[in-house]
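Letters go in sequence order (proteins before strands), and every chain restarts at 1. Predicted model, so just to flag it, every value in this text is computed and none were measured.
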Amino acid sequence: MTTRLMVRDRVIELVRAALVRGAAEGKWPEGEVGFTVDAPRDPRHGDFAVNAAMVLAKRAGRPPRELAAGIVEALRAVDTAGELVSLEVAGPGFINLRLNPDLWLRALERAVAAGPAYGRTTVGQGRKVIVEYVSANPTGPMHVGHGRNAVTGDGVQSLLRWAGYDVTREYYVNDFGAQVQTLGRSVHLRYQEALGRTVEFPAKAYPGEYVKEIGAALAAEFAGTYLDAPESEWLELFRDRAVEHVLGMIRGDLGAIQIQFDRWSSEKALYQSGTVERFIKDLEARDLVYVGQLPPPKSKKGAGSPPTGGAAAPPAGGTAPAQPPAGPDEEGMSASDQLTLFRSSSFGDEVDRPVKKADGTPTYFCADIAYHWEKRQRADLLIDVLGADHGGYVPRLKAAMEALGHSRDDLHVVLIQMVNLTRGGEAVKMGKRSGNVVWLREVVEEVGCDATRYLFLTRRSDAPLDFDLELAKKQTLDNPVFYVQYGHARLHAIFRKAAETGVALPSFSLDDARRLTSPEETELVRRIASFPDLLAGAAQAFEPHRVVFYLQEIIAAFHSWYTQGKRTGERVLGSDPGTTRARLFLCLGLAQVIANGLAVLGVSAPQRMELPETGDIGADA
RNA sequence: GGGCCCUUAGCUCAGAUGGAUAGAGCGUCGGACUACGAAUCCGAAGGCCACUGGUUCGAAUCCAGUAGGGCCCA
């Protein structure tokens, strides 16, 4: 498909041309002007407002309104096709302009013509980007917090795809650190138990039912072979088997919310392939590391208070979106150790971070930046979707990017805040202490995939989210996903009705479309036309929630228009064939935009929905 | 004690790179169906955009500080 301009782009193009023209005539200084073209809040101000005169005022040393008049003049001269039908200077120096309505109608035509591809743009220019999300430790099934990370990350990658980026969806598996070792030991305990022993479970062992299953499976496979064997003989095997099993569960959890990855990167493989070693050599070659000691803690209570020991993180996370990777501080290093430190403080981090422990083994952080180093070789832009508890981790990752000769903006981190699960407004008890974790799978099975996905995206990702199970199940307007899907179904009900009454779905005709003259109809057309812009903006800000709000607004506008038509008698299917075709075509555009917006979010767009049990309308009274 | 995020209507939240009179939903009150989905819509009431200063033509938005909440690290 040819790259056609969006309506707003056309305006930008015209303004730019006008500015060049005026500068050439000596009306104002030459050079780029950082102007904006916005749809004003108040529709009476026109289709778009341009602030170029105000921006230019400083440089030109002339009052904005005077400049605006000049720009208007230049715009008239540049607009040879007559696309701008009204231009006026307003307020402090805005140029309000109105477009030939046909331009909007043509945009509607394009929306329907593009069909399921409507909204795709090329702003990403095929840039390679890796979106890493979920990356939950393979020590248990996904909980609700992971779900929000997964859905948000998936929304981000989807947006980037729609915006023309070359996207790889990636999951980083922490299959090497202390936590999976703990899992391996926990499984071994269950293995012993399965073979008839009575064993005690230390507090830090993983409690889940799945641990028991893995233990039992290994008991069946190996019988007593590893019953009394030293840990060195079984730990790696048990760990790997457990990880494999848990990853299977995680894949299942992801499948339940329809998320797939293009690539699963393994921490263990980073070591085995020598990537970590190569990375450290690279650091040494660039003189980015040195041997030294950890800086003393900033605590006031007595210098040299020892860092906490290497206790493994608690097994099952509470509501944290992602389980924290064991930071360097949890790896049992003390202040007196001679460590290999990375000069991250020279690149904006607070302190230098250890990449090798006293015994020469790499730290978790080391593997992690090695991973980013390796990823950056495969892509131009890296996105990490992390739990908000990793906020402190971001500066050192960015420092690493810069130290390695990239831009710190080549890595963008999307932070995901906590999910507060409620049922009918009351908090569902969750917490690390109680061990009462709510698994993602339970939620999906209760409320469905669509509601789960949609509701996770009803907030900016860095704001905490209340997720109410009762609301998610409700088939009423309080439930936002239902509201949008219902609107889509209603549009299709109109199409069905048209078919029943022998009205064919129209193809585009400008003459027909010109009958869309009411303010509500023009507004709907404009919203449809702005959809590609909305998607591109959301993609570049990595904010999938914007799509949710867009859908919410456009469907509300539709419902309003529809109901108003019922009252006034100006129905979609009316007595005048031309108007009927025009309105049907508008509905086609609406249905397409809703379907595509929902598709971006991975939510279905049903054409028909079941009536609730109460409203048995068809029954004769 | 240090760092990051946050504070907008009674409640839950939107406000794209600063734009004109700050918007939704819920809740409250009052209305609208012999149906192409009332699972909807219309109207009313509801605001010191936490506070103070700064930047400029212009600030909910950017900067500094203060207060309060969350997370991470000590």
Original post:
What string of B, S and - do you get for nucleotides 9-17 of chain B 5' to 3' if you count protein non-hydrogen atoms under 4.0 Å?
Top reply: ---SSSSBB

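Evaluation of the side-chain contact (heavy atoms from CB on, under 4.5 Å) rule for A:V572 yields A:I494, A:W561, A:R583, A:L584, A:C587 as partners, not counting sequence neighbours. Every side-chain contact (heavy atoms from CB on, under 4.5 Å) that A:R98 has, sequence neighbours left out, goes to A:D47, A:V85, A:S86. A:D384 pairs by the salt bridge (charged side-chain N to carboxylate O under 4.0 Å, His left out) definition with A:K375, not counting sequence neighbours. A:R459 pairs by the salt bridge (charged side-chain N to carboxylate O under 4.0 Å, His left out) definition with nothing, not counting sequence neighbours.
For RNA chain B, if you chain together Watson-Crick or G-U pairs that step i with j, i+1 with j-1 and so on, the runs of at least three with distances under 3.5 Å are B:1-7 with B:67-73, B:10-13 with B:23-26, B:28-32 with B:40-44, B:50-54 with B:62-66.
Distance, A:Q485 CD to B:A39 C1': 12 Å, rounded to whole Å. In this structure, A:E570 places its CD atom 18 Å from C1' of B:A32, rounding to the nearest Å. Taking atom CG of residue A:N51 and atom P of nucleotide B:A20, one finds them 11 Å apart after rounding to whole Å. The CG atom of A:D462 sits 13 Å away from the C1' atom of B:U7 (whole-angstrom rounding).
A:Q179 and A:N174 form no side-chain donor-acceptor contact under 3.5 Å, judged by distance and modelled atom types alone.
The pair A:R527-A:E523 meets the salt-bridge criterion, with a side-chain N (NZ, NE, NH1 or NH2) lying under 4.0 Å from an Asp/Glu carboxylate O.
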